Amino acid sequence: MFEKSIKAYEEACEVIPGGVDSPVRAFKSVGGTPPFIEKGKGAYLYDVDGNKYVDFVQSWGPLIFGHCDKDIEDAVIETTKKGLSFGAPTLLETQLANEIVEMFDNIGKVRFVSSGTEAVMSAIRLARGVTGKNDIVKFEGCYHGHSDSLLVQAGSGMATFGSPSSPGVPADLTKHTLLCEYNNIENLKKCFEDSSDIACIIIEPIAGNMGLVPASDEFLATCRELCDKNGALLIFDEVMSGFRASLKGASGILKTQADILTFGKVIGAGMPVGAFAASKEIMSNLSPEGKIYQAGTLSGNPVAMAAGLVSLKKLKANPKIYDELNQKALKLVNGLKKIANENNISLQVNTRGSMFGFFFCEESPTNFKEVGKCDFKRFATFHHEMIKKGFYFACSQYEAGFMCTEITNEDIEACLEAASIVMKNL
Ligand SMILES: Cc1ncc(COP(=O)(O)O)c(C=O)c1O
Ligand SMILES: N[C@H](C=O)CCC(=O)O
């Protein structure tokens, strides 16, 4: 059933390292080889062997309206006809910036880049430039893209491959990255006692790169308090949770607010995009207004802006989408938990808006180490058996899952029916 994909993978491995352009795609965490995708439509993916899957990954988050949404597709086609890139300002950038800025009280300006990695890297440079300090606080299991100073005990693919810090990154470049345990208040306080040179805390307030592990309100309040007391800035990395956890992302459902927000994924609706945003005062330090340099040939690319603009307008026009997506996410994970229990399997589940996660373990993990104790073998078997039955989940327990508007209750019921067969032999 996967012959063409296996052949495609072998051929890809000859010319692309590991056959993939981003390591998590290679299925190393669960074993086997990945299906090669031919096309997507709505809730579904179709591979080169003609297999059809309900897609619970949705390109790792960007496609909240599923594949080939007609409005987004039309906007992309129309914009493409006018030219792919100009390296000069367009109205679309201001329009998308306005859509974002008007939603957040703590944001006055936004700058667009081409990926989440770039957004975070630039946000950190901004924080360092504004505070005049060097150290950054990062949490184990949070993933903020693949820039050098953030590849320290990172989640997502870094965790999957058991190489929490990458060769090729000189120690000199990570010596200013102070590592703390997620949700550990004492550890964080100690970090601020030990360094008076902290420029910022960067955190996924709803971590989605060690499975789905939310930060506690108390922990986030401590992040805020310590930043305020010590002249540091708080960065919420909302590349994944932005416009996913709620219309206003994690910021919309949490009591604590950050100084700088980073975005990606949903704001590009599947096109390569990222953004970082803060108050007008903070953002005025960026070149050409200020001295902190940041740039990009394709930044604010018109096709990506057009896709993001339609996506955000649709979300704003129908904010109840988030409740509906959360209901579907709950139906899925609660259904899985019930089936697991019936088969004497411990399964822990989480949802936040359209994001979800499940762990094969006894207690709900609150940090990276606890996630590491889950039953990865069982997850791998579950994953493979579900793929064979036409349900495409993220290929690692260190990844979150994503609901889209096109996945129906019937799709979820079919998934649970398949899971009830799979879990009998897990
Ligand atoms: C929270 C978070 N930050 C940053 C990134 C990096 O984004 P990108 O892969 O677009 O560079 C990701 C995803 O990869 C992410 O999930
Ligand atoms: N967890 C990552 C992003 O959120 C997965 C995407 C990738 O790195 O390819």
Side-chain angles (χ1 to χ4, degrees), residues 16-30 34 37 55-64 112-124 136 138-152 154-161 163-164 166 182 201-215 235-245 249-251 258 260-277 296 298-299 301 304 308 352 354-357 368 371 392-402:
I16 299 171
V20 291
D21 283 314
S22 194
V24 294
R25 297 178 197 173
F27 272 39
K28 295 288 181 207
S29 174
V30 288
I37 305 305
D55 183 7
F56 292 114
V57 181
Q58 296 294 333
S59 189
W60 304 99
L63 310 180
I64 200 161
F112 294 105
V113 291
S114 299
S115 69
T117 297
E118 265 187 85
V120 175
M121 190 180 81
S122 310
I124 285 179
I136 59 175
K138 176 201 177 287
F139 299 101
E140 292 165 7
C142 286
Y143 178 68
H144 304 291
H146 64 95
S147 68
D148 287 342
S149 60
L150 291 163
L151 286 187
V152 185
S156 187
M158 293 290 286
T160 294
F161 297 114
S163 59
S166 173
Y182 199 71
I201 294 178
I202 176 138
I203 184 166
E204 282 183 80
I206 297 171
N209 285 291
M210 48 174 152
L212 191 69
V213 180
I235 305 176
F236 277 0
D237 182 353
E238 295 234 40
V239 167
M240 186 187 284
S241 56
F243 304 94
R244 265 264 166 214
S251 299
I260 304 179
L261 297 178
T262 59
F263 300 106
K265 301 200 190 248
V266 170
I267 65 158
M271 296 298 294
V273 85
F276 59 106
L298 295 177
S299 291
N301 174 268
R352 288 293 183 279
S354 61
M355 300 161 70
F356 66 86
F368 194 39
V371 174
Y392 189 87
F393 284 103
C395 51
S396 167
Q397 210 160 198
Y398 286 118
E399 303 290 347
F402 302 97

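Indexing begins at 1, ligand by ligand and atom by atom, following the structure's order. All values derive from a computational prediction rather than experimental measurement.
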field: For ligand 2, the portion of Arg25 having any non-hydrogen atom under 4.0 Å away
entry: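 It is neither; nothing of Arg25 touches ligand 2.
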
- prompt: Are the ring centres of Phe368 and Tyr398 closer than 6.0 Å?
  reply: yes

message: Less than 6.0 angstrom separating the ring centers of Phe402 and Phe356, yes or no?
response: no

Heavy-atom check, side chain of [X] versus side chain of [Y], under 4.5 Å:
{"X": "Val213", "Y": "Val371", "value": "yes"}
{"X": "Leu63", "Y": "Val266", "value": "no"}
{"X": "Met240", "Y": "Met355", "value": "yes"}
{"X": "Arg25", "Y": "Pro34", "value": "no"}

Could you identify the single nearest non-hydrogen protein atom to [atom] and state the distance to 0.1 Å?
{"atom": "atom 9 (O) of ligand 1", "value": "Thr117 OG1, 4.4 Å"}
{"atom": "atom 8 (O) of ligand 2", "value": "Ser22 OG, 3.4 Å"}
{"atom": "atom 6 (C) of ligand 2", "value": "Trp60 CG, 3.8 Å"}
{"atom": "atom 2 (C) of ligand 2", "value": "Ser156 OG, 3.3 Å"}
{"atom": "atom 16 (O) of ligand 1", "value": "Asn209 ND2, 3.0 Å"}
{"atom": "atom 3 (N) of ligand 1", "value": "Asp237 OD2, 2.6 Å"}
{"atom": "atom 14 (O) of ligand 1", "value": "Tyr143 CE2, 3.3 Å"}
{"atom": "atom 4 (O) of ligand 2", "value": "Lys265 NZ, 2.8 Å"}

- prompt: Is the closest heavy-atom distance from Lys265 to ligand 1 below 4.0 Å?
  reply: yes

field: Candidate with minimal heavy-atom separation from atom 10 (O) of ligand 1, of Ser22, Pro62, Gly116
entry: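 Among Ser22, Pro62, Gly116, the closest heavy atom to atom 10 (O) of ligand 1 belongs to Gly116.
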
- line: Out of Glu118, His144, Glu238, the nearest non-hydrogen contact to atom 4 (C) of ligand 1 is supplied by His144

- request: Measure the spacing between NZ of Lys138 and CG of Leu151 and express it to the nearest 0.5 Å.
  value: 8.5 Å

- request: Quick one: pull up OG1 in Thr262 and CE in Met121 and give me the separation to the nearest 0.5 Å.
  value: 12.5 Å

Out of all atoms in ligand 1, which are within 4.0 Å of some heavy atom of [X]? Include the element for each.
{"X": "Met240", "result": "16 (O)"}
{"X": "Val239", "result": "2 (C), 3 (N), 4 (C), 5 (C), 7 (O), 12 (C), 15 (C)"}
{"X": "Gly145", "result": "4 (C), 5 (C), 6 (C)"}
{"X": "Glu204", "result": "1 (C)"}

query: Is there a heavy atom of His146 sitting under 4.0 angstrom from any atom of ligand 2?
result: no

- request: For the residue pair Phe139 and Tyr182, categorise the inter-ring angle as parallel (less than 30°), tilted (30 to 60°) or perpendicular (more than 60°).
  value: perpendicular

message: I'd like to check which ligand 2 atoms, numbered from 1 as shown, lie under 4.0 Å from a non-hydrogen atom of Asn209.
response: 1 (N), 2 (C), 3 (C), 4 (O)

message: With heavy-atom distances below 4.0 Å as the criterion, list the atoms of ligand 2 near Met240.
response: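 That gives atoms 4 (O) of ligand 2.
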
query: Any sub-3.5 Å donor-acceptor pair from Ser115's side-chain atoms to Glu118's backbone N or O?
result: yes

field: Residue of the set Phe243, Phe112, Phe236, Phe276 for which ring pair (Phe, Tyr, Trp, His ring centres under 6.0 Å) holds with Phe263
entry: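 Running ring pair (Phe, Tyr, Trp, His ring centres under 6.0 Å) over Phe243, Phe112, Phe236, Phe276 with Phe263 returns exactly one hit, Phe243.
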
query: Do any nitrogen or oxygen atoms of Glu399 lie less than 3.5 angstrom from nitrogen or oxygen atoms of ligand 2?
result: yes

query: Do Glu238 and Ser251 get their side chains close enough for a donor-acceptor pair, meaning under 3.5 Å?
result: yes

